[in-house]
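Have a look at the structure below, then the notes.
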Amino acid sequence: MTATPRSRRLRTLAAALVTTAALSLTACQTGTADATGAVDSTRPPAPAAEAGTPAAEAEQEEAAPGKEAEKEAGAPGKEAEKEAGAPGKEAEKEAGAPGKEATQVADRKAATKTTSCTAKGTKVTVTDAPRPINHLLIKATNTSDTTCHLYYAPYLRFDQAQSAVPFIEESKPQAVVTLAPGESGYAGVLTSTPDGSHPYDATSLTLYYAARSGQGSTGAPSHPALPFDSVRVDSSNAVTYWQTSAADALMW
């Protein structure tokens, strides 16, 4: 059957419509949008940025400020925590320092504390001195854990004498004898002389410690044993001030 001019036009129009529809579909799938949002089928689609390309680096640089901002925002917070914690630690140290200082001061005071030597913390011995003759040597040793002072001279009484043995004033030292724990002080006793009067044989000795004020004694007395059963004493009997050495105590 021979196609009429009308039927050819219809087929031509249909083919054109099919072609237009195909082109529109292709544009939607492969075209790119312009500024108005319309798809331009004549432009190829934008390729994805590959790693290492300038475009990828640009994306990373755009993202970097955000991360840097986060770090910078977090940093002050951490610094603030550190700074807030630092005063607390300093305050603890400063608060602890006075306590330590007070303890150290108390320890120093305890270490430097002194007292008068007494029978309670002192051991006394009496020996016969070979030279000079008619002399006894008194030795007082600090047996306590505290430093003590031997003031003036020892107050001595042989037997039941009414008065203490006189001091030899020439023997007075320049300073008070101070005994650290374990140290000793000495005093020499002249028992008799050829010129003495009222001699008698003493069998006991009582020693009192002079008070710091020089008025009377302090503490309980000591009762050291004599080197012999008895010792001859007379009116010339005398005792030295406390000395730091036995040699000094036996000079008079």
Side-chain angles (χ1 to χ4, degrees), residues 113-252:
K113 181 181 178 181
T114 60
T115 184
S116 298
C117 296
T118 63
K120 184 178 181 180
T122 308
K123 179 181 179 180
V124 179
T125 59
V126 180
T127 58
D128 179 46
R131 291 184 181 180
I133 61 171
N134 301 329
H135 276 71
L136 299 178
L137 178 65
I138 298 175
K139 178 181 178 181
T141 303
N142 183 1
T143 58
S144 71
D145 57 0
T146 303
T147 298
C148 69
H149 299 296
L150 289 171
Y151 293 106
Y152 305 100
Y155 290 111
L156 302 180
R157 289 182 185 274
F158 284 97
D159 290 346
Q160 300 301 318
Q162 296 298 314
S163 60
V165 175
F167 297 164
I168 301 176
E169 293 298 330
E170 294 84 352
S171 67
K172 187 174 183 179
Q174 294 182 349
V176 174
V177 175
T178 301
L179 303 182
E183 292 184 340
S184 301
Y186 304 86
V189 181
L190 172 62
T191 56
S192 63
T193 66
D195 299 331
S197 59
H198 308 292
Y200 69 97
D201 293 329
T203 59
S204 65
L205 176 65
T206 302
L207 184 152
Y208 296 85
Y209 299 86
R212 181 178 181 179
S213 64
Q215 303 297 319
S217 62
T218 181
S222 293
H223 301 278
L226 294 173
F228 309 108
D229 292 339
S230 63
V231 174
R232 174 62 62 94
V233 295
D234 61 23
S235 59
S236 61
N237 187 203
V239 62
T240 68
Y241 279 72
W242 288 110
Q243 309 293 325
T244 56
S245 70
D248 291 342
L250 295 174
M251 288 179 63
W252 291 271

From CA spacing to verdict: side chain to side chain contact (heavy atoms under 4.5 Å, CB included), Tyr208, Arg157: CA-CA 9 Å; Tyr208 296 85; Arg157 289 182 185 274; 4.1 Å; yes

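Nearest heavy atoms, Thr147 versus Ala180: OG1-CA, 3.9 Å. Shortest non-hydrogen contact noted between Ala119 and Pro221 is CB-O, 3.5 Å. Taking every heavy atom of both residues into account, Ala202 and Leu226 meet most closely at O-CD1, 3.7 Å. Closest approach of Pro173 to Trp242, counting heavy atoms only: CG-O, 3.6 Å. Ala211 approaches Tyr151 most closely through the heavy-atom pair O-CB, 4.0 Å. Nearest heavy-atom pair, Ala238 versus Val165, reported as atom, atom and distance to 0.1 Å: CA-CG1, 3.4 Å.
Only one option out of Thr191, Val189, Val126 pairs with Val231 in a side-chain contact (heavy atoms from CB on, under 4.5 Å); it is Thr191. Arg232 pairs in a side chain to side chain donor-acceptor pair (under 3.5 Å) with only one of the listed residues (Asp201, Asn134, Asn237), which is Asp201.
Without hydrogens or angle criteria, Asp234 side chain to Thr193 main chain gives a donor-acceptor distance under 3.5 Å. Counting only distance, with no hydrogens or angles, the side chain of Ser222 and the backbone of Pro224 share no donor-acceptor pair below 3.5 Å. Listed for the Asn142 side chain is a donor-acceptor partner under 3.5 Å among the backbone atoms of Leu179. Checking side-chain atoms of Ser236 against main-chain N and O of Gly196 turns up no donor-acceptor pair under 3.5 Å. At least one donor-acceptor pair closer than 3.5 Å links the side chain of His135 to the backbone N or O of Trp252.
Every pair tested for disulfide bond (SG atoms under 2.5 Å apart) that includes a residue from residues 206-252 fails, sequence neighbours excluded, so the list is empty. Residue pairs meeting the disulfide bond (SG atoms under 2.5 Å apart) criterion with at least one member in residues 136-182, sequence neighbours excluded, are Cys117-Cys148.
Side-chain contact check for Tyr241 versus Ile168: every heavy-atom pair is 4.5 Å or farther apart. Two residues are said to be in side-chain contact when any heavy atoms from C-beta on lie closer than 4.5 Å; Tyr186 and Leu250 fail this criterion. Side-chain contact check for Asp128 versus Leu136: some heavy-atom pair is nearer than 4.5 Å. Put simply, the side chain of Ile138 reaches to within 4.5 Å of the side chain of Leu156, judged on heavy atoms.
For the residue pair Ser171 / Thr240, no side-chain donor-acceptor distance below 3.5 Å is found, with atom types taken as modelled. In this model, a donor atom of one side chain and an acceptor atom of the other lie less than 3.5 Å apart for Ser204 and Asp159. Between the side chains of His149 and Ser116, no donor N or O sits under 3.5 Å from an acceptor N or O.
Between Tyr152 and Tyr209, the gap from one ring centroid to the other reaches at least 6.0 Å.
The neighbour count for Gln160 CD, taken as heavy atoms of other residues, nucleotides or ligands under 6.0 Å away, does not exceed 12.
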